[in-house]
Amino acid sequence: MAEQTIDVRRVAGSLGAEIFGVDLSRDLTNQTYDEIHEAFLDHQVLFIRDQNLTPPQQAAFARRFGPLNEYPFVKGLEDAPEIIEIVKEPDETINFGGVWHSDTTYLDNPPLGTALYALEVPAAGGDTMYANMYDAYDTLSDGMKHMLAPLTGVSSAALRRSGGRAKGIGKTSTMTPLNMDKAETITAEHPVIRTHPETGRKALYVNSAHTVCFKGMTEEESKPLIEYLCNHAVRPEFTCRFKWEIGTLAIWDNRCVQHFAINDYHGERRRMHRATIVGDRPH
Ligand code: SIN
């Protein structure tokens with residue numbers, strides 16, 4: 001194999017790495033893509049600073065990982081319909097994604113990954129946190145792993161405890177809401193423990209934004225265990241926290257990562273472009 005073209009530097013003990021030496025606006029060689037993909041599988045979330053990307057260029061990079069999804073609840077951009085703009089205006093108080101979650105687990109095929117690109121960021125704050133769901137699974141007791149192994153989680157688009165999608169969109173934000181009346185009906189069932197299709201590792205796949213209950217159990221019966229698992233999943237030692245700069249692109253693996261957009265920058269504007277990559281049906 002030719003000499004490595006990218007430089008990979010870990011940002012925390014559990015997950016996350018910064019990548020240096022790549023210009024994502026260009027067509028990546030297969031070798032560079034393979035190195036990025038390997039780092040993606042090894043570190044679960046990658047941060048690539050100092051990029052200058054149009055929406056079609058961002059979409060082209062994300063498409064190296066697979067075809068792109070259209071997000072069900074926000075209209076995409078004119079020149080790249082698979083990309084949505086995530087905006088919080090200075091006069092808004094609710095943000096998008098301000099709760100621990102893996103993206104759109106209420107879809108039968110939730111996204112493999114998400115590529116998020118920063119266009120405007122507050123002077124301080126607006127960081128995003130990430131948590132490693134392999135570590136969340138690996139650190140459960142054998143008894144808990146055994147109990148969870150046969151369970152199926154039910155995710156609903158209507159739960160969305162973050163409130164951002166339900167209440168914030170269409171108020172002062174430029175995010176154009178779509179299909180909000182359908183949220184109640186969009187649900188999916190997925191294993192509570194999923195096996196990553198590329199690494200073969202097991203990951204906890206329950207999140208507080210979308211997982212409503214376990215299949216065959218009531219919400220009331222399910223709640224204590226869902227809450228326990230969601231709290232366990234985001235123990236500080238399983239996380240990293242990233243401070244954005246304009247021009248940073250992050251790409252994370254939704255199959256083994258949860259994320260949380262911190263809402264601590266009221267009075268300032270934050271604007272991002274987000275593309276999601278089609279995933280397989282979890283098993
Ligand atoms: C998201 O949940 O996809 C948004 C994350 C962020 O804005 O940091």
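Since we're looking at a predicted model, the values are computed, not measured. As the structure lists them, so they are numbered: ligands from 1, and atoms in each ligand from 1.
Interface of T128 with ligand 1, defined as ligand atoms under 4.0 Å from a residue heavy atom, comprises 6 (C), 8 (O). Heavy-atom contacts of L116 reach the following atoms of ligand 1: 5 (C), 6 (C), 7 (O), 8 (O) (cutoff under 4.0 Å). Against a heavy-atom cut-off of under 4.0 Å, R270 is close to the following atoms of ligand 1: 6 (C), 7 (O), 8 (O). The atoms of ligand 1 that sit less than 4.0 Å from any heavy atom of R274 are 1 (C), 3 (O). Residue A261 has at least one heavy-atom neighbour below 4.0 Å for each of these atoms of ligand 1: 5 (C), 6 (C), 7 (O), 8 (O). Heavy-atom proximity to G97, at under 4.0 Å, picks out these atoms of ligand 1: 2 (O). Close contacts of ligand 1 with H259, meaning ligand atoms under 4.0 Å from a residue heavy atom, involve 1 (C), 2 (O), 3 (O). Counting atoms of ligand 1 from 1 in the listed order, those under 4.0 Å from a heavy atom of H101 are 2 (O).
Residue contacts with ligand 1 do not include T114, since none of its heavy atoms lies under 4.0 Å from the ligand.
Enclosure of atom NZ in K145 by more than 12 non-hydrogen atoms of other residues, nucleotides or ligands within 6.0 angstrom is indicated.
Cation-pi geometry between R49 and F20 is not met: the NZ or CZ atom fails to fall both under 6.0 Å from the ring centre and inside 45° of the normal.
In this pair, F242 and F47 present their aromatic rings parallel. The plane angle is below 30°, not in the 30 to 60° band.
Contact check on R270 versus E89 returns no salt bridge, with no Lys/Arg side-chain nitrogen under 4.0 Å from an Asp/Glu carboxylate oxygen. Ion pairing of R255 with D280 is absent here, as no side-chain N (NZ or NE/NH1/NH2) approaches a carboxylate O to less than 4.0 Å. In summary, K75 and E78 engage in a salt bridge, as defined by a charged side-chain N under 4.0 Å from a carboxylate O.
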Trace of the side-chain contact (heavy atoms from CB on, under 4.5 Å) decision for F65 with V278:
CA-CA 9 Å; F65 290 76; V278 175; over 6 Å; no

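Residue-level proximity to ligand 1 for N95 is absent, since no heavy atom of it falls below 4.0 angstrom.
Geometrically, ligand 1 and W252 share no nitrogen or oxygen pair separated by less than 3.5 Å.
Shown are H37, Q31, E35; of these, the side-chain contact (heavy atoms from CB on, under 4.5 Å) with Y33 is made only by H37.
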